[in-house]
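Notes to accompany the following structure.
What you see is a predicted model, and the numbers here were worked out from it, not measured in a lab.
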Amino acid sequence: MGKKIAIMVGSLSTKSINRRFAHALVKLAPADVTFEFVEIGDLPLYNYDDDANQAESVKRVKAQINAADAVLLVTPEYNRSIPAALKNAVDHASRPYGDNTWNNKIGAIIGTSPGGVGAALAQNHLRQVLNAQGTILLQGPDAYLQFTDALLTADGSVGEGSRAFLQSWLDKFLAFVDTNAAKA
């Protein structure tokens with residue numbers, strides 16, 4: 001039976017290497033897995049005062065997460081942490097109190113950065129935030145990837161040097177979704 005995976009990319013840039021990377025990962029998936037990218041750039045800044053009357057964009061994001069079997073979060077690293085837009089999306093989806101979309105949602109975190117640590121600090125920070133929300137996260141293998149020209153090919157596929165590792169990582173994530181579906 002197929003799986004539906006929501007993908008949330010932390011960068012809002014139209015030139016985002018993490019968005020390109022996410023699209024390349026999708027190409028590694030089996031045909032019975034569908035992906036839906038969750039737009040977060042149109043979310044207002046989270047404000048507790050709006051919990052009782054959430055914006056339509058917030059309702060859309062929560063519905064997309066709820067409809068998915070799992071969420072794949074693809075994050076760059078900004079100032080040794082997660083991007084504000086991604087944290088804002090996590091906050092919106094966790095509210096109002098008692099309606100936490102992340103609770104018991106299966107997820108995984110991956111990302112790339114031009115820096116040598118490959119978004120490791122952002123991924124660890126995001127893991128802390130999502131663990132606090134009750135998200136069932138893939139614990140390994142960690143995937144801290146330095147973005148180089150060889151990571152992606154000209155046609156937007158994963159490059160030869162990273163293909164086996166990323167195929168294995170994606171396969172483990174999809175197996176993790178199957179294993180944990182009953183818990184979610």
Side-chain angles (χ1 to χ4, degrees), residues 1-42 60-61 63-78 82-83 85-86 89-90 93 101-102 105-124 126-127 130 135-181 184:
M1 186 167 143
K3 289 180 256 321
K4 182 176 181 181
I5 309 295
I7 298 180
M8 192 175 287
V9 178
S11 174
L12 301 182
S13 172
T14 58
K15 298 177 184 178
S16 167
I17 59 175
N18 279 278
R19 185 168 310 280
R20 289 175 41 212
F21 176 60
H23 282 282
L25 280 175
V26 166
K27 294 179 181 182
L28 297 176
D32 68 336
V33 179
T34 60
F35 294 89
E36 180 177 18
F37 281 78
V38 178
E39 173 59 45
I40 62 172
D42 60 347
R60 184 199 73 243
V61 166
Q64 286 178 284
I65 294 169
N66 278 326
D69 296 306
V71 180
L72 175 59
L73 297 106
V74 184
T75 186
E77 185 167 298
Y78 293 175
I82 58 178
L86 185 55
V90 170
T101 307
W102 298 110
K105 181 56 69 175
I106 300 165
I109 303 167
I110 196 167
T112 185
S113 171
V117 295
L121 295 173
Q123 289 183 48
N124 285 330
L126 183 56
R127 183 174 305 283
L130 290 172
T135 309
I136 303 167
L137 288 171
L138 177 68
Q139 296 301 309
D142 291 336
Y144 309 132
L145 301 162
Q146 182 177 19
F147 187 84
T148 66
D149 290 339
L151 184 61
L152 303 178
T153 63
D155 73 349
S157 298
V158 172
E160 188 63 38
S162 299
R163 187 173 299 122
F165 171 74
L166 288 171
Q167 184 68 65
S168 175
W169 185 92
L170 184 63
D171 291 346
K172 285 178 182 166
F173 171 51
L174 296 175
F176 180 76
V177 173
D178 288 338
T179 301
N180 289 281

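- Within the model, atoms CD1 of I65 and CZ of R60 stand 10.0 Å from one another, a figure rounded to the nearest 0.5 Å.
- Looking at every heavy atom in both residues, T153 comes nearest to G159 through CG2-CA, 3.9 Å.
- With hydrogens and angles disregarded, a donor-acceptor distance shorter than 3.5 Å links the side chain of Q167 to the backbone of L28.
- Shown here for F173 and A70, the closest heavy-atom pair between the two residues is CZ-CB, 3.8 Å.
- What you find for I7 and F35 is that their closest heavy atoms are CD1-CD2, 3.5 Å.
- Separation of atoms CG (L166) and CG (D171) is listed at 10.5 Å; rounding is to 0.5 Å.
- Taking each heavy atom of P83 and T75 in turn, the nearest pair found is CD-OG1, 3.3 Å.
- D69 places no side-chain N or O within donor-acceptor distance of the main-chain N or O of I5, the cut-off being under 3.5 Å.
- Without hydrogens or angle criteria, D32 side chain to K3 main chain gives no donor-acceptor distance under 3.5 Å.
- With a 6.0 Å radius and a threshold of 12 heavy atoms from other residues, nucleotides or ligands, D155 has its CG atom above the threshold.
- Counting only distance, with no hydrogens or angles, the side chain of T179 and the backbone of A175 share a donor-acceptor pair below 3.5 Å.
- The closest donor-acceptor contact from the side chain of R127 to the backbone of I109 lies at 3.5 Å or more, if one exists at all.
- Under the 4.5 Å side-chain criterion, counting only non-hydrogen atoms from C-beta, S168 is in contact with K172.
- When side chains are defined from C-beta on, I17 counts as touching P114, because their heavy atoms get closer than 4.5 Å.
- The backbone N or O of F147 lies less than 3.5 Å from a partner atom in the side chain of T112, making a donor-acceptor pair.
- For W102 (side chain) and L130 (main-chain N/O), no donor-acceptor pair under 3.5 Å exists by modelled atom type.
- Under the side chain to side chain donor-acceptor pair (under 3.5 Å) criterion, Q139 pairs with no residue at all, not counting sequence neighbours.
- In this view, E39 satisfies the salt bridge (charged side-chain N to carboxylate O under 4.0 Å, His left out) rule with no residue, not counting sequence neighbours.
- Y78 has its side chain within reach of S11: a pair of non-hydrogen atoms, C-beta onward, lies under 4.5 Å apart.
- Distance CG/L174 to CG/D178: 7.5 Å, rounded to 0.5 Å.
- Residue pairs satisfying the ring pair (Phe, Tyr, Trp, His ring centres under 6.0 Å) criterion with at least one member in residues 12-32, sequence neighbours excluded, are listed as follows: H23-F37.
- The minimum heavy-atom distance linking A85 with I40 is given by the pair O-CD1, 3.7 Å.
- Between the side chain of T135 and the backbone N or O of L137 there is no donor-acceptor pair closer than 3.5 Å.
- Pairing each heavy atom of G156 with each of A24, the nearest pair is O-CB, 3.2 Å.
- Contact annotation: the side chain of L126 approaches that of V90 to within less than 4.5 Å [non-hydrogen atoms, C-beta and beyond].
- A distance of 11.0 Å separates CG of L25 from NZ of K27, quoted to the nearest 0.5 Å.
- Side-chain atoms of E77 never come within 3.5 Å of backbone atoms of G111 as a donor-acceptor pair (strictly under, hydrogens ignored).
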